[in-house]
Amino acid sequence: MLIKTKKSYQLSEQQVTDEAIYHARRKVLKQLGFLGAGSLLAQSANASPLDFFSSKSAEVFQRQALNFKQAEKSTEILTPEAKVTSHNNFYEFGTAKGDPVENAQSFKVNPWQLSISGEVDKPYTLGYDDLFKSFSLEERIYRLRCVEAWSMVVPWVGFSLADLIKKAAPNSRAKYVAFETLYDPEQMPGQKSRRIGGGVQYPYVEGLRIDEAMNPLTLMSVGLYGKTLPAQNGAPIRLVVPWKYGFKSIKSIVSIKLVEQQPPTTWNRLADHEYGFYANVNPDVDHPRWSQASERRITTGGLFARNRIETLPFNGYGEEVAQMYKNMDLRKYY
Ligand code: MTE
């Protein structure tokens, strides 16, 4: 059998989100004993908890995982790491795209506490090390489509939000999931000053319906490009919901609460006619101030690179998610 030697983050997203590959990769990770390795590595002062994703053994895992796939269908070019980590929206650190990388460098992520609470039988809290060792980590390559009409292709490392929720044993009143970013104005200059923070009401909050939260595509990310998340991308843990506009993918999360009513969300609170609760990527429903029919894909190439592409319904993930909205008017529930 042909063994490909590409790194796993070079897989196309179709390959990575394919159900068979997805399960196969998790299995291989388990077989090779990588699960839990994060905590061991984290004990050494300089090691990143995700070092194993770029280690020699990880290459073996990648090759084994690749044996499970038949066809080569690479259609996406990854956005270079340097762009993923320097062109950011993280208003807690400033509103310009270059502000977060500049202002978040001394942001402390360890120790950290993420609480899972609300309508659950078994509430629990994860500390920093637990974020890397409590669930099966895997690599997923997803498109990230910002509501501002630019997009990237990012190799995330993380685990399914569904796994985290199931562990808390939600009860029958758990209809929605409410997320909250850390509130720490001493560390986050945007929370201290309306001018720096763009007039947003902090802490930043987001929400999903329970079926959206349990969808296998919904990822809790702790890394990208095989390393722990940089502060500007939402360290130590963030949400990634690839079929929704990027503002749903809330960063630096400290609280996940299962609730009965639809929770408030930051951008909806700020301008509800512009940003809805659902925020599914939809080329047919324009933002009141600009078209959503196309997007600028951030890849290599300079200012004049031809990188304008058509926007796809649900950001191209319709097969996996469209059925959740089959009886809804997506113009009304934008
Ligand atoms: N989370 C918090 N807490 N604060 C923010 O300002 N910006 C959102 C989202 N998550 C934001 C956030 C927006 S608008 C986008 S497009 C993505 O993060 C950007 O993620 P990235 O910087 O990793 O590309």
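Counting starts at 1 for both ligands and their atoms, following the listed order.
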Q: State, without any angle test, whether Ser294 and Arg308 hold a side-chain donor-acceptor pair at a distance under 3.5 Å.
A: yes
(Q) Using a 4.0 Å cut-off on heavy atoms, what residues surround ligand 1? Order them by chain and number. (A) Asn88, Asn89, Phe90, Tyr91, Glu92, Leu144, Cys146, Thr181, Tyr204, Asn233, Arg238, Gly246, Phe247, Ser249, Ile250, Lys251
**Q.** 4.5 Å side-chain heavy-atom contact, Thr228 and Val109
**A.** no
Q: Decide side-chain contact (heavy atoms from CB on, under 4.5 Å) for Lys248 and Phe277; before the verdict, give the C-alpha distance in whole Å, the side-chain angles of both, and the deciding distance to 0.1 Å.
A: CA-CA 9 Å; Lys248 298 294 290 183; Phe277 175 81; 4.1 Å; yes
Q | Evaluation steps, salt bridge (Lys or Arg N to Asp or Glu O under 4.0 Å), between Arg297 and Glu76 | A | CA-CA 10 Å; Arg297 174 60 56 83; Glu76 301 284 12; 3.0 Å; yes
Q: If a pair satisfies salt bridge (Lys or Arg N to Asp or Glu O under 4.0 Å) and one of its residues is in residues 91-115, list it, with sequence neighbours excluded.
A: Lys97-Glu148
Q.
Do Tyr91 and Val101 land in one hydrophobic cluster if side-chain heavy atoms of ILVMFWY residues count as linked below 4.5 Å?
A. no
